[in-house]
Protein chains: 2
Amino acid sequence: MGRRERKKAQTRRALSEAALRLFGEHGYDGVTVAQIADEADVSIATLFAHVPDGKEALIFDDGAERHVWLVAALRDRPSGQPVLEALRRSMAARGPFTDDLPPELRRKRDLIVSTPALREYSRKLWIASEGALAEAIAAESGRDTSDMTVRALARYVLEIPELAGAEPDPLAALNAIFDLLASGWPESPEEA
Amino acid sequence: MGRRERKKAQTRRALSEAALRLFGEHGYDGVTVAQIADEADVSIATLFAHVPDGKEALIFDDGAERHVWLVAALRDRPSGQPVLEALRRSMAARGPFTDDLPPELRRKRDLIVSTPALREYSRKLWIASEGALAEAIAAESGRDTSDMTVRALARYVLEIPELAGAEPDPLAALNAIFDLLASGWPESPEEA
DNA sequence: CTCAGAAACTATAATCACTATAGATTCAGA
DNA sequence: TCTGAATCTATAGTGATTATAGTTTCTGAG
């Protein structure tokens with residue numbers, strides 16, 4: 001990796017860190033992109049060159065195609081394991097569902113969950129993988145990609161982080177939702 | 001209804017119609033709020049007084065609480081009819097799923113479906129009813145409102161318009177998705 | 001009928017995210 | 001060592017949205 005790329009990555013990191021710190025101190029809406037650019041010591045134009053998606057994208061890793069590991073988890077699952085089970089396990093290990101994180105990442109996650117604009121953008125990033133996930137599901141389950149059921153399942157799975165992420169017990173919520181997707185809605189609740 | 005309210009409604013209608021016409025002619029991004037205000041012969045400040053949610057809200061009915069009829073359909077369903085069946089029927093009769101509409105409304109629907117910003121806003125309006133729908137579902141099915149399953153079902157149902165609305169056959173898509181929600185994801189597709 | 005206050009409207013100016021342009025600097029590779 | 005591309009910069013927009021302060025227009029009480 002040449003010096004040029006290194007400097008670029010450094011600038012990007014400076015922007016992320018400045019944004020995260022300032023958002024934490026004054027709230028997302030209490031910070032302007034100008035302040036962030038200043039703090040990172042770059043021009044506003046440079047800031048936008050690094051985050052074409054805008055202010056919300058500042059604290060997210062770019063190019064982190066979130067579907068890669070999901071699709072991989074699907075393809076590499078133990079033979080005989082149901083598709084949904086593989087997705088459940090894979091998802092449960094991700095950020096919103098474990099507290100096994102450095103405090104820095106935890107603060108970041110809390111900021112995202114509690115800020116509507118950031119939460120929405122996070123959802124957008126997840127949903128962007130819908131096509132890829134749908135293809136993988138179709139391939140693994142012998143269905144057609146154009147099957148609406150496949151697309152709906154992909155979408156519903158990818159929305160679990162937003163839906164369950166803010167719950168008191170996110171992991172329990174995730175499991176409840178996967179159960180719903182796997183077994184469907186029982187007209188009457190099962191008595192324990 | 002006094003003259004004041006009548007005039008207010010008239011202004012609101014003028015804004016809607018101006019926006020819809022201009023969006024149709026030049027596309028959503030090809031029209032500025034200033035143009036719309038001009039066309040409706042009001043100031044920009046007035047425009048925003050009528051649509052505090054912003055440009056996207058211009059062509060949507062405000063205060064049209066979309067959950068009212070859904071909740072009603074749930075409460076008034078024939079006894080013995082499953083919750084999901086009532087929701088399916090009620091939803092199937094709505095705008096995105098029937099072509100039984102005046103051409104004006106159809107053009108509006110097509111504009112929404114084909115414009116990302118409008119589509120997103122439409123989804124936001126649907127999702128805003130999540131709490132109300134979750135309460136109704138909980139009440140009708142003897143579950144607790146805090147039950148994650150109930151919240152997830154409400155959310156998933158409310159997202160059907162966005163998910164199925166752009167399909168070649170929206171009604172078939174809607175039915176496929178309701179089947180998925182009712183019966184769950186079958187590990188292997190049923191052979192016909 | 002009238003008058004006081006609320007509601008709707010207006011012009012104006014500001015803020016803020018974001019884009020476009022053109023030029024300067026810095027690095028990579030031949 | 002030179003050329004071109006990538007990065008960065010300043011500057012000047014555009015366009016949505018908000019704030020302010022003042023004007024007009026209804027409404028309802030007295």
Side-chain angles (χ1 to χ4, degrees), chain A residues 1-20 22-23 25-60 62-63 111 115-122 124-125, chain B residues 1-20 22-23 25-60 62-63 115-122 124:
Chain A
M1 187 155 97
R3 175 175 303 156
R4 181 167 262 162
E5 290 177 72
R6 228 176 310 127
K7 284 200 170 182
K8 184 177 179 180
Q10 187 181 337
T11 305
R12 182 64 182 86
R13 208 170 321 116
L15 283 167
S16 281
E17 283 167 14
L20 192 53
L22 292 175
F23 288 165
E25 285 170 23
H26 310 109
Y28 179 78
D29 291 321
V31 181
T32 68
V33 290
Q35 288 175 278
I36 298 169
D38 266 7
E39 186 84 3
D41 199 33
V42 297
S43 73
I44 296 184
T46 297
L47 183 152
F48 281 108
H50 279 272
V51 256
D53 278 2
K55 187 181 174 185
E56 311 96 31
L58 275 165
I59 63 168
F60 291 89
D62 24 43
L111 175 68
T115 306
L118 295 176
R119 223 170 133 167
E120 229 173 85
Y121 184 68
S122 176
K124 205 178 286 183
L125 290 179
Chain B
M1 184 154 99
R3 175 175 302 151
R4 182 168 260 163
E5 291 178 72
R6 228 175 309 129
K7 286 200 168 183
K8 184 178 179 178
Q10 188 180 337
T11 305
R12 182 64 182 85
R13 208 169 322 115
L15 283 167
S16 281
E17 284 166 14
L20 192 53
L22 292 174
F23 289 165
E25 286 170 23
H26 310 109
Y28 179 78
D29 290 320
V31 181
T32 69
V33 291
Q35 289 175 277
I36 298 169
D38 265 7
E39 185 84 2
D41 200 32
V42 297
S43 73
I44 295 184
T46 297
L47 183 152
F48 280 106
H50 278 272
V51 254
D53 278 3
K55 187 181 174 185
E56 310 97 33
L58 275 166
I59 64 167
F60 290 89
D62 24 42
T115 306
L118 296 175
R119 222 170 132 168
E120 228 173 84
Y121 184 69
S122 177
K124 204 179 285 183

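The sequence lines fix the lettering, A, B, ..., with proteins before strands; numbering per chain opens at 1. Computed over heavy atoms, backbone and side chain alike; hydrogens, waters and symmetry mates excluded.
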Result for side chain to side chain contact (heavy atoms under 4.5 Å, CB included) between B:Tyr28 and one of B:Leu58, B:Leu118, B:Leu22 points to B:Leu118
Look only at the side chain of A:Gln35 and the backbone of A:Thr32, and say whether a donor-acceptor pair between them is shorter than 3.5 Å. yes
Looking at A:Thr115 and A:Leu111, would you say the former's side chain and the latter's main chain have a donor-acceptor pair under 3.5 Å? yes
For atom CG of A:Asp41, decide whether the heavy atoms of other residues, nucleotides or ligands shown that lie under 6.0 angstrom number more than 12. no
Can you give one letter per nucleotide of nucleotides 24-30 of chain C, going 5' to 3': B for a protein heavy atom under 4.0 Å from the base, S for sugar-phosphate only, - for none? --BBS--
Would a distance-only check, ignoring hydrogens and angles, find a side-chain to backbone donor-acceptor pair under 3.5 Å from A:Thr11 to A:Lys7? yes
Between A:Arg12 and A:Asp62, does any NZ, NE, NH1 or NH2 come within less than 4.0 Å of an OD or OE carboxylate oxygen? yes
Check whether any side-chain N or O of A:Lys55 sits under 3.5 Å from a backbone N or O of A:Val31 as a donor-acceptor pair, and report yes or no. yes
Bounds of contact between DNA chain D and chain A, in 5' to 3' order, using a heavy-atom cut-off under 4.0 Å: D:dA5 to D:dA10
When rounded to the nearest 0.5 angstrom, what is the spacing between CG in B:Asp38 and CD1 in B:Ile44? 7.5 Å
Generate the contact string for nucleotides 10-20 of chain C. Rules: B means base contact, S means sugar-phosphate contact only, - means no protein heavy atom under 4.0 Å. BB----SSBB-
Working to the nearest 0.5 angstrom, can you tell me the gap between A:Leu125 CG and A:Glu56 CD? 10.0 Å
If you round to the nearest 0.5 Å, how far is OH of B:Tyr121 from CG of B:Asp53? 3.5 Å
